[in-house]
Structures are given as structure tokens and as C-alpha cells.
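Notes follow once the structure below has been shown.
FYI, side chains are in, hydrogens and waters are out, and symmetry mates aren't considered; it's all heavy atoms of this structure. Quick caveat: nothing in here was measured; it's all calculated off a predicted structure.
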Amino acid sequence: MAGNVTSLFRDGTGAGPVDFRVPGNPYFPTPGVFGELSARLREIVTSRPSDTDTVTDRLCALLGLPPQCVVLGNGPELITWAGHLLVRDSLAVPVPTSGRWTGRPTQTGKRVDMFPLQEADGFALDLDRYAGFLRARGSRAAVVCNPNNPDGGRPGRERLVRFLDAMADLDLVVVDESYLDFADAGPEPSVAREAVLRPNVIVLRSLGENLGLPGVRLGYLVANPALAGRVRSTLPGRNLDSLAEHVVSMLRDHGPEYARSLDRLRADRRDMTTRLSALPGLTVYPSQANFLFVRLPVGAEGTLVRDRLLTGHRILVRDCGDKIGSSSRFLRLAVRPQADVRRLVPALEQVLYDSVPAGGSGSYSSGTATVDRLIGETSGAGLRLTGTGSESGAGAGSGGVAPRPAVPAPVPVPAPAVGTGIPLPAAVPPMPVAPPVPVAAWAPTPAGVPARGGLTAAQVRGTVRPVETHARKEDRPWQSTGT
């Protein structure tokens, strides 16, 4: 089957795959910046990196933040250590969201309290209701993703600051701003400066992925000096390689080009939202990130749509059936240039509304497991053509789609539903839905009064030793590198 899936990208038509699965920044680095990087690559990879404090000082000069409040490192590494050190027993998180917040904490024995975002509200986070949920569950730490993944929604800054005020008695509030650079926001949309002044808030930011270099795993954490110092003390003095150090220099030297890339991507998001919203029955939720969350029409199932877009049109999309709080009726689509979107929209029209796919019969061969493995092996980048022809996403032109390759021994599937072209899943009885739990009114815990965990805010901040945890070997990179 692997050979069959691979052949989908090698028919010689020039219509290479277009990847809407993995969000990125297609406009940075610019060709000129890549040329500069290429010219200096030998120097970069043969030089010993500076110590992390030196690189942090350079970044903080750009950010206008105190170096003692910033921790640079691999993004997942920072999340892991923050969870080990700063989350004592329980963590609340709105869902659906990134698996880093629903899965990783449970691996360290922490309780995860999941607050369901409502489809009827467009998956918008109501911070007042979320605060009431935290009080009712007795959660000692909370996460706010700003914007959230996969829907791209974000709360207003003023409301978020009020939420931080009200949650001053918690052990920790994490504000994940990994995608905030892509938001249509006014000046100072981040709450990083608020985190510097607060005893229990950390802000997480991404660098590598936002700069269009997801292969460079680089991000930073902002917190008050005490919290930042605890995380920093777990990391080796040189936890960044020379390429990551150079990325910080790129941000310093090419800030205007980066700002222009963000403007172009925001324009693409608006165009993509408009085009997708015109498809009957398709719902596009408002997004402030570099991806869109869409609900398929009634009767359409995400895994089947995904497979038909792949086999019939060489387009890769991500269905969200594996996300807690979502289902496979939802797709997350990375924002891409308009030429790629002009290829996606007619392909979706054909898959969703035509009774028979172009150039084929009413059935098709699903390579779900093989496709997932191939995408994992290529880090979501797809496969490069081995024959002649363009490898760009616009290969099919404005309105055309690539012809379907011949797929041996197609697997029969149920007849498509009238007017959708998508086989309906077998009927299953609806799952019972528990009525919402009434939540008592909440208010910030007064100073000196024990919070739900039996500790005052002052005790939480300064007098109680954290629970000791033992990191796994893979979370201690210096043991494997010999540093």
C-alpha cells in the first residue's frame, strides 16, 4: 500500500502535493534570507554556539524584556519542564486544543480538567465560565491558548488580564501565545509584560515555526524572575545549537521582512475564509492564527474527505477526529497562498457535492494508515516529485484538479449520500449528553484566605516546596549529549 500512496505524487503531471495539514509561514524566510543562510551555513554549523545567556540577551534587546524573565529553549522542552516543576497536581484546559495540553500532563501523573468549548458559541472561550469551572473543580493550574489550536479563537487582552487578576491564588496560569504573531491585533497584544509582574503566570511564545523554520525547534518562556529561574536551572548552559542562535540574529536583522510576511499571511487568511465560506453547508470559524477550523456539511465525514482529497487531488488536510472535544466532522486547514486555495476550493466542491469523483468510480481506495505514516516520516512536508514538473502548490492551476491515478483493487465503500458524494457512516445511537453542571458564582480569593488547596496565595508563591518529580531520560538532553 505504501507504494500505491507514494505513486499518487509521481504521475508526471506536475501537480505536486499541497499540504494544508501543517501550519507555517510560507513567506519567511524570503529567498534573499535563505540565500544568506545558505552562504553562511558552513560557518554556522562548524561554529560552537554561544552560551544561552548571551543569546537570551540578544533576544531580550529586541523584545524589550528583562533577560532574567526569559528562558530560551526547545518549545516542547520548556512545556515539559514547566509541567514538571510548576504544576503540582491538577491542570485545567479548554478543549478542543493542542495535544500538548491534553496528553502531556497526564504522563507526569497530573489530573487534567477539561473545559468543553461550545460549538454553538463558535468555540469561543468564555473566561467567566472558565473561571467558574476552575473553582468548581478545584483546579490548581490553568491554561489559556491565545489563539487556540485548532479553532484560532482568542479572548480580548483586557478580559484576559482580568482573568489573570481573578486567578492570582492559583499555583500557575499558562498563557500559550505560540500563534499570536499571526493575529489581527493592535499594539501590544501579548500579556508577556503582565507575566513579568505576576507571581503565578508564564507566557509561551514560538520562534522557529513562526519564522517559517519548523525544523529549528526554538521558543521562549516569559515569567517573573523566580519562576523563570526555576525552569532555567533545569537546562544546560548551552541548550541551543548554532542554527537556533542564528535564527535569533535573523529576527534582529530582518524584522521588516518578517513583519511583511505576517501581513501577507493575514491577507491570505481573509481570502481563504471568504472562499471557503461560500461553499454550501461548510462552516468556517473566525480565526486569528495561521490555520482555519471548518465544519463539514451534514453527512460528510472528515477521514473520507481527507482520503479523497489525497487520492483524487493530491491535497493533504488534517481531520480533527483525534482531538478531545472535536470530531472527524471538523478539519483544520493551514492558511496557504491564494494559488493553493484556488486549488483546494474546487477539489472540496467535487469531493463534497459530486456523486462520482472525476476520472473514477463511486468507490476509492483508502490509505489512511499509510498516509499518516508517510506524513509523519516527512514531518508533514509531503513528498517531492521524482519526475519532471513543478513542485509548487499551484500545479493544478486556478480551477483544475489533477487527474486521479489508477489505484489497483479499489476497496468497495457504501453508496454515496445523495448530493454529497460522501458515504454516510453507519447509524449509531446518539451518545447521552450530561446536562451542564451548575457552577457557583466565583470571585478572587481574598489575601490571606486559604484557596481550594488549603494554602494562601503567599504560601503558594514562596513558602511551600514543590513536589519533587523525576524527569525521564529523554527530558534531560544533557545526559545524552555529554554536555
Side-chain angles (χ1 to χ4, degrees), residues 1 5 17-23 93-103 114 116-123 148-153 276-277 279-285 287 289 291-334 344-345 347-354 357 362-376 380 411-433:
M1 187 63 199
V5 173
V18 179
D19 189 359
F20 284 89
R21 283 177 50 116
V22 182
V93 58
V95 293
T97 194
S98 170
R100 70 178 66 169
W101 298 119
T102 55
M114 300 184 189
L117 300 174
Q118 301 301 311
E119 180 181 346
D121 299 330
F123 296 96
N148 187 42
N149 176 5
D151 57 275
L276 290 174
S277 298
L279 296 179
L282 194 77
T283 301
V284 184
Y285 295 95
S287 174
F291 46 80
L292 299 176
F293 196 47
V294 304
R295 184 184 65 201
L296 297 171
V298 174
E301 203 273 331
T303 56
L304 299 179
V305 172
R306 176 195 66 187
D307 291 350
R308 284 190 169 175
L309 285 172
L310 173 67
T311 58
H313 305 280
R314 294 173 179 78
I315 292 175
L316 301 160
V317 300
R318 191 205 193 289
D319 81 274
C320 293
D322 62 340
K323 283 188 175 291
I324 298 174
S326 179
S327 73
S328 61
R329 191 183 171 191
F330 295 87
L331 303 179
R332 189 197 67 190
L333 301 173
L344 171 69
V345 171
L348 270 173
E349 286 180 316
Q350 190 173 84
V351 167
L352 292 174
Y353 312 120
D354 288 359
S363 62
Y364 71 103
S365 177
S366 171
T368 299
T370 305
V371 169
D372 287 345
R373 183 170 65 254
L374 285 173
I375 298 305
V411 179
V413 298
V418 177
T420 66
I422 301 299
L424 288 170
V428 268
M431 294 182 63
V433 179

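- Rounding to the nearest 0.5 angstrom, the gap separating the OG1 atom in Thr311 from the NE2 atom in His313 is 7.5 Å.
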Evaluate the side chain to side chain contact (heavy atoms under 4.5 Å, CB included) criterion for residues Val95 and Leu117: first the C-alpha distance (whole Å), next the side-chain angles of each, then the deciding distance (0.1 Å), finally the verdict. CA-CA 6 Å; Val95 293; Leu117 300 174; over 6 Å; no

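- Minimum heavy-atom separation, Lys323 to Ser98: NZ-CA, 3.8 Å.
- For Val22 against Ala334, the heavy-atom pair with the smallest separation is O-CB, 3.6 Å.
- When every heavy atom of Val93 is checked against every heavy atom of Trp101, the shortest pair comes out as CG2-CB, 3.7 Å.
- Considering all non-hydrogen atoms of both residues, Leu276 and Val294 come closest at CD1-CG1, 4.4 Å.
- Evaluation of the ring pair (Phe, Tyr, Trp, His ring centres under 6.0 Å) rule for Phe20 yields no partner, not counting sequence neighbours.
- Taking the salt bridge (charged side-chain N to carboxylate O under 4.0 Å, His left out) definition, one finds that Arg318 meets it with Asp322, sequence neighbours left out.
- With rounding to the nearest 0.5 angstrom, the CG atom of Leu316 is 5.5 Å from the CG atom of Leu310.
- In this structure a side-chain-to-backbone donor-acceptor pair under 3.5 Å is present from Ser326 to Cys320.
- Nearest heavy atom pair, residue Asp319 against residue Ser328, reads OD2-CB, 3.7 Å.
- A donor-acceptor pair under 3.5 Å is absent between the side-chain atoms of Gln118 and the main chain of Asp121, judged by distance alone.
- With sequence neighbours excluded, no residue forms a side chain to side chain donor-acceptor pair (under 3.5 Å) with Ser287.
- Looking at heavy atoms from C-beta onward, Leu282 lies out of side-chain contact with Ser277 at the 4.5 angstrom threshold.
- Every side chain to side chain donor-acceptor pair (under 3.5 Å) that Asp151 has, sequence neighbours left out, goes to Asn148.
- Taking the six-membered ring where tryptophan is involved, the planes of Tyr285 and Phe293 are tilted, since the angle between them lies from 30° to 60°.
- Considering only residues two or more places apart in sequence or on other chains, Thr283 meets the side chain to side chain donor-acceptor pair (under 3.5 Å) condition with Arg295.
- When all heavy atoms are compared, the tightest approach of Val317 to Arg306 is O-CG, 3.5 Å.
- The closest side-chain heavy-atom distance from Phe123 to Pro150 is not below 4.5 Å.
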Evaluate side chain to side chain contact (heavy atoms under 4.5 Å, CB included) for Leu348 paired with Val305, printing each intermediate quantity in order. CA-CA 8 Å; Leu348 270 173; Val305 172; 4.1 Å; yes

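- The backbone N or O of Gly302 sits nowhere less than 3.5 Å from a side-chain atom of Arg329 that would complete a donor-acceptor pair.
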